[in-house]
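These numbers come from a predicted model, not from an experiment. Start at 1 and go down the list; that is how both ligands and their atoms are numbered.
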Amino acid sequence: MKTSMIPIKATALGSFSASSAAKDYLDEWRLVLSTTSPDADHLARIAEQLRTSDVPVAFPTETVYGLGADATRSEAVRGIYKAKQRPSDNPLIVHFASLGQIRRVLRGRDSSDQADPIPAIYRPLIRKFWPGPLTILLPNPENSVLAPEVTAGLSTFGARIPRHPIALSLIQLADVPVAAPSANASTKPSPTAAEHVAFDLDGRISTIIDGGPCEVGVESTVVDGLSQPPLILRPGGISLEQIRQCPGWEDVAIGYKDVAETGSQPRAPGMKYRHYSPRAPVFLYTAQTPAPSLDELMNLAIPSSVVGIVRTSHWNICATGLTATSCDEPADTRPLSQIANETSSASSYGFGGMLQNVHTELERRKIQERGIQHNGKQLKVLEIELGGDITNIARGIFGALRDLDQQGVDAIVIEGVSDARGDLAAAVMNRLRKAAQVTV
Ligand code: TXA
Ligand code: MG
């Protein structure tokens, strides 16, 4: 199968409008497509393909790239599992463009009930965080229009309204609920740029929409408001602190474990699989542990003496190896809630800020290369520096793993961040713990 990469500019698609009289703006907002833009034309054709073909389409969201198919057609959904080589007992998130579209699914094929089928517990979250990086679990009705392959036999389905204008426009144009996992090959790091998708799925799908790099860089937060107390099943773009502030969510509990799952039945099926792993083994150094010595690096860099390092804020590399400079920087003593708020205000929710948050240029992390002599041996160090800002770390981490892996390093050593820095940090560490062979 030939794979085409189709560049689309979000800003060329048209404008978004919502009736100001609408009680709930998500209910009545529409994309008004430009009639003169070739980008809008291309997107309309891809939407048609998504609606009719059994081969999934890759598209950008604000979190990571998704691999989308019509969630109502079994053949189309099976196409996703096939392209990704993903185990089919791992359910998919269904993406929507409006609340009306979600309500139609919740009512099932033959219900005429007029009451709002969206459970009341979710209203404050929806108002605050949609469109955005939050996935909620909803009851799948008896007579559901969703293909059974979407839910992998569960009685619930995950739903999300993304805030990326290309994703929203694609779903609105296709006019079907869109099942979409991350567009990586199963077990590989999630794709945060169209090139990552191409690297994994070239020849397996026909269309990749290139909408530039993703704004958030880690997947959506998954919450279950149907259980008592409500649970966070996957940390992500929206933080625990932010969720806890919503009425009905004060007691929200953590429903994921931050270790590789063995034996016990995980609540979110995705938790039990190997995830986010490049080919090279990953060694994760948690925030409080000292940096590895040159001897340790030498031992990891077998057989070819090439090691990749992802630095965040404290490690410093020099002729004698890595040194931690953490003592030079004052510890962040502000309350967690303040840090969390700061993190979230970097990206604004709602339609106003939507277009501003679309990145048009890939901020490629440069790889620095250096040779170090140690005990008569030569060690080659390839280093990517992500800096100290957690928003940038989240945005760049999956790409850094992929870039180093493509250089053929023997091992990737990562300077972790403290989970206590807020939930985006916890989300990054959650992914890294799954990617790591060894956590130090
Ligand atoms: O940011 C995201 O959420 C991205 C973009 C493309 O939207 N999508 C994504 O999908 O990460 P995926 O399929 O890679 O991850 C879905 C996660 C898995 O951990 C899965 O187990 C969980 O959501 N999930 C989906 N439906 C579920 C359900 N009914 N019950 C429990 N967990 C569910
Ligand atoms: Mg995934």
For ligand 1, which part of [X] has a heavy atom less than 4.0 Å away: the side chain, the backbone, both, or neither?
X    : value
T151 : neither
H164 : neither
P91  : both
D224 : neither

Under 3.5 Å, N or O to N or O, is [X] touching ligand 1 that way?
X    : value
K84  : no
T61  : no
T63  : yes
R234 : yes

What pair of heavy atoms forms the shortest contact from [X] to [Y], and how long is it?
X    : Y    : result
L424 : G237 : CD1-CA, 4.5 Å
L201 : T3   : O-OG1, 4.0 Å
E48  : T52  : O-OG1, 2.8 Å
Q101 : D175 : NE2-C, 4.0 Å

Going by chain and residue number, what protein N/O/S atoms come nearer than 2.8 Å to the Mg ion (ligand 2)?
S182 OG
Non-neighbouring partners of F157 that pass ring-ring contact (aromatic ring centres under 6.0 Å, His included), sequence neighbours left out:
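Testing F157 for ring-ring contact (aromatic ring centres under 6.0 Å, His included), a comparison that skips the adjacent residues, returns none.
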Partners meeting ring-ring contact (aromatic ring centres under 6.0 Å, His included) with F398 (sequence neighbours left out):
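ring-ring contact (aromatic ring centres under 6.0 Å, His included) list for F398, sorted by chain: Y276.
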Got a sec, which residues hit salt bridge (Lys or Arg N to Asp or Glu O under 4.0 Å) with D405, two or more places apart in sequence or on another chain?
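Listed in chain order: R279.
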Which of the atoms in ligand 1, numbered in the order shown and given with their element, are less than 4.0 Å from a heavy-atom of [X]?
X    : answer
L154 : 28 (C), 29 (N), 30 (N)
S220 : 1 (O), 2 (C), 3 (O)
L137 : 27 (C), 28 (C), 29 (N), 30 (N), 31 (C)
H95  : 5 (C), 6 (C), 7 (O)
N90  : 20 (C), 21 (O)
P181 : 6 (C), 10 (O), 12 (P), 13 (O), 14 (O)

Drop me the distance from [X]'s [atom1] to [Y]'s [atom2], to the nearest 0.5 angstrom.
X    : Y    : atom1 : atom2 : result
R395 : L386 : CZ    : CG    : 12.0 Å
S37  : K9   : OG    : NZ    : 9.5 Å
S277 : Q437 : OG    : CD    : 6.0 Å

Assess [X] for proximity to ligand 1: is some non-hydrogen atom of it under 4.0 Å away?
X    : answer
P133 : no
I93  : yes
P162 : no

If you define the side chain from C-beta out and look only at heavy atoms, does anything of V94 sit under 4.5 Å from L92?
no
Using a strict 4.0 Å threshold on nitrogen-to-oxygen distance, state whether R78 and E149 make a salt bridge.
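Yes, charged N to carboxylate O under 4.0 Å.
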SB check R234 D224 (cutoff 4.0 Å):
no
Test side chain to side chain contact (heavy atoms under 4.5 Å, CB included) on T286 and V440; report intermediate values, then the result.
CA-CA 6 Å; T286 50; V440 184; 5.9 Å; no
